[in-house]
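In what follows, chains are A, B, ... by sequence order, proteins preceding strands, each numbered from 1.
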There are 2 protein chains.
Amino acid sequence: MEPSSPEVAAASPLPAESGLHARVLDHLGTAICGGELPPGSVLNIDELVERYAVSRSVVREVLRVLASIGFIEARRRVGVLIRPASAWNVFDPQVIRWRLASAGRMAQLRSITELRTAVEPHAAFLAASRIGRDEASDLVGLAAKMWAAGEAGDEERFLHLDIEFHRRVLLASGNEMFVRLQELVAEVLTGRHKHHLMPHHPHEQALQMHADVAQAIQRRDGERARQAMVQLMEQAFDEMKSLWEQTGGPEHGTG
Amino acid sequence: MEPSSPEVAAASPLPAESGLHARVLDHLGTAICGGELPPGSVLNIDELVERYAVSRSVVREVLRVLASIGFIEARRRVGVLIRPASAWNVFDPQVIRWRLASAGRMAQLRSITELRTAVEPHAAFLAASRIGRDEASDLVGLAAKMWAAGEAGDEERFLHLDIEFHRRVLLASGNEMFVRLQELVAEVLTGRHKHHLMPHHPHEQALQMHADVAQAIQRRDGERARQAMVQLMEQAFDEMKSLWEQTGGPEHGTG
DNA sequence: TAGATGCAAATGATATGATCTTTGAGTGGA
DNA sequence: TCCACTCAAAGATCATATCATTTGCATCTA
């Protein structure tokens with residue numbers, strides 16, 4: 001897998017952050033996303049100090065971070081108040097991860113898939129006018145490899161190539177915010193894979209569409225690139241939709 | 001201005017957060033976004049304690065928050081390292097605010113405008129199938145008021161109605177992530193207004209397009225709603241583009 | 001001389017306990 | 001009934017101390 005730009009890779013999911021801070025933060029974040037600690041619940045610092053057997057420093061630092069992503073609100077004389085989901089920074093990668101690990105997983109997948117449906121076609125459109133020659137070639141090559149992996153039934157490899165493909169397109173869009181969405185896309189794709197929510201044989205159509213996107217971008221045909229990506233997204237969305245039915249609805253929980 | 005859902009309003013920009021924590025956080029955040037403290041710079045806690053004349057607790061809590069949005073990375077024996085912009089959580093409202101206040105303002109406006117261009121049409125499309133009867137009526141009414149304010153040349157009022165209009169559409173999309181983008185849209189629109197980057201008389205066309213969007217959504221014609229919103233976005237984008245030329249380029253700074 | 005090894009200083013991480021400040025709630029008077 | 005006052009609870013801030021880890025350098029060995 002030719003890493004033409006190694007410094008941009010390494011989307012570190014900071015998995016084994018081993019400090020006390022990370023441990024407590026993760027635990028509380030999970031609890032809030034998971035619905036234990038529903039909005040309106042009140043915590044207090046000393047209680048947390050006891051519960052986690054850590055010092056005030058650690059607890060306060062964790063609370064500051066949770067406050068910065070809208071999970072809590074500290075009120076004097078009252079305690080630490082859990083805020084409703086509508087206040088959360090739903091774009092924070094940490095939050096996404098917690099939500100994907102919670103019962104609201106399907107709702108989160110739906111949200112992100114809709115976001116992708118909106119953003120990726122436009123990203124493809126922009127990429128067509130902004131991508132460099134070499135990057136374009138790489139993209140076409142990547143699509144070819146996806147085709148090969150798909151035909152060979154190599155799911156693992158297909159997944160990685162798929163993620164890489166969408167990453168490159170978002171990167172080539174030249175929009176820093178789109179680039180940042182790449183992490184979300186990766187979370188979604190790996191999440192789908194982990195939970196066996198993907199067709200075991202990628203559809204022949206999907207393979208062709210990836211190739212179409214790459215080719216259109218290389219030929220600087222923004223409109224065609226957008227169209228091809230729209231189709232790709234529609235298919236992804238349909239697969240997602242069929243999943244809700246399998247797993248018993250999207251557990252809406254939007255607000 | 002009929003507040004049919006007062007509890008959702010009040011997009012508190014937390015302006016006068018008066019604690020020590022907020023003061024130091026804001027100062028450091030601004031410095032990092034502003035390019036003082038370029039990537040690779042090293043700070044250390046004691047130095048910050050002295051510089052801001054606050055205790056270690058305050059500094060550490062601030063650093064934790066900065067770390068959580070990707071601005072810094074603490075390394076033992078080294079100090080606090082400033083991370084490159086590519087690591088930032090560019091969707092964090094706080095970050096957006098800092099960047100809009102910095103020299104990279106135009107680059108930020110461009111990014112968000114492109115994001116809007118991608119998202120809002122799809123939001124309009126989704127809204128057409130998900131909006132409630134009353135909300136749809138409100139939306140049409142809002143467009144009518146915009147027309148009135150535009151004709152009357154009441155910029156202030158037009159701005160507020162414009163923000164409210166887009167907020168309602170994003171809200172009606174039923175996607176929590178789209179809803180969250182509303183803050184960004186509001187920042188952009190108010191930013192444009194503050195810096196006198198808007199045409200003094202809203203274009204007649206824009207007024208009509210807002211009305212078209214509202215009507216299409218009410219009639220549940222998703223495709224037409226999308227098209228109308230696309231046109232609106234194209235116009236917004238063109239205005240933005242003409243601004244870059246005025247103010248001497250977008251100060252690219254994307255990566 | 002080159003490379004491995006070990007020590008110690010630097011610096012963040014955590015702990016602890018005290019003091020300051022804000023604010024909700026209760027209390028009492030008009 | 002309502003307003004003003006008081007008090008105490010809880011977070012906010014501070015100061016200091018100890019622990020843990022990493023890096024640079026000196027030392028040692030082949």
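Within the 4.0 Å cut-off from OP1 or OP2 of dC14(D), at least one side-chain nitrogen or oxygen of Ser55(B) is found. OP1 or OP2 of dT13(D) sits under 4.0 Å from a side-chain N or O of Arg64(A).
For Phe91(B), the ring pair (Phe, Tyr, Trp, His ring centres under 6.0 Å) partners two or more places apart in sequence, or in a different chain, are Phe91(A). Judged as a salt bridge (charged side-chain N to carboxylate O under 4.0 Å, His left out), and not counting sequence neighbours, Glu36(B) has no contacts.
Rounded to an integer number of Å, the gap from NE2 of His21(B) to P of dC20(C) is 23 Å. Spacing between atom CD of Glu73(B) and atom C1' of dG12(C) amounts to 13 Å, rounded to whole angstrom units. For the pair Arg60(B) CZ and dA15(C) P, the interatomic distance rounds to 11 Å; values are reported in whole Å. In this structure, CG of Asp46(B) is placed 14 Å from C1' of dA9(C), rounded to the nearest angstrom. dG12(C) atom P lies 9 Å from atom CG of Leu63(B), rounded to whole Å. Going from atom CG of Leu81(B) over to atom P of dT11(C) covers 14 Å, rounded to whole Å. Between the P atom of dA9(C) and the CG atom of Asn44(B) lies a distance of 18 Å, rounded to the nearest Å. dT14(C) atom P lies 11 Å from atom CD1 of Ile45(B), rounded to whole Å.
Across all strands shown, Leu43(A) has heavy atoms under 4.0 Å from sugar-phosphate atoms exclusively, and none from any base.
For the pair Arg97(A)/Pro93(A), a side-chain contact is recorded, criterion being any heavy-atom separation below 4.5 Å from C-beta on.
Judged purely by atom type and a 3.5 angstrom limit, Arg130(B) has no side-chain atom pairing as donor or acceptor with the backbone of Ala172(B).
Residue-to-nucleotide contacts include a donor-acceptor pair under 3.5 Å from the side chain of Arg77(B) to the base of dA9(C).
Mapping Glu61(B) and Arg56(B) onto DNA chain D by nearest heavy atom places Glu61(B) closer to the 5' end of the strand. Nucleotides of DNA chain C nearest to Gly79(B) and Ser57(B) differ in position, and the one nearer the 5' end is that of Gly79(B).
Taking every heavy atom of both residues into account, Arg167(B) and Gln182(B) meet most closely at CG-CG, 3.1 Å.
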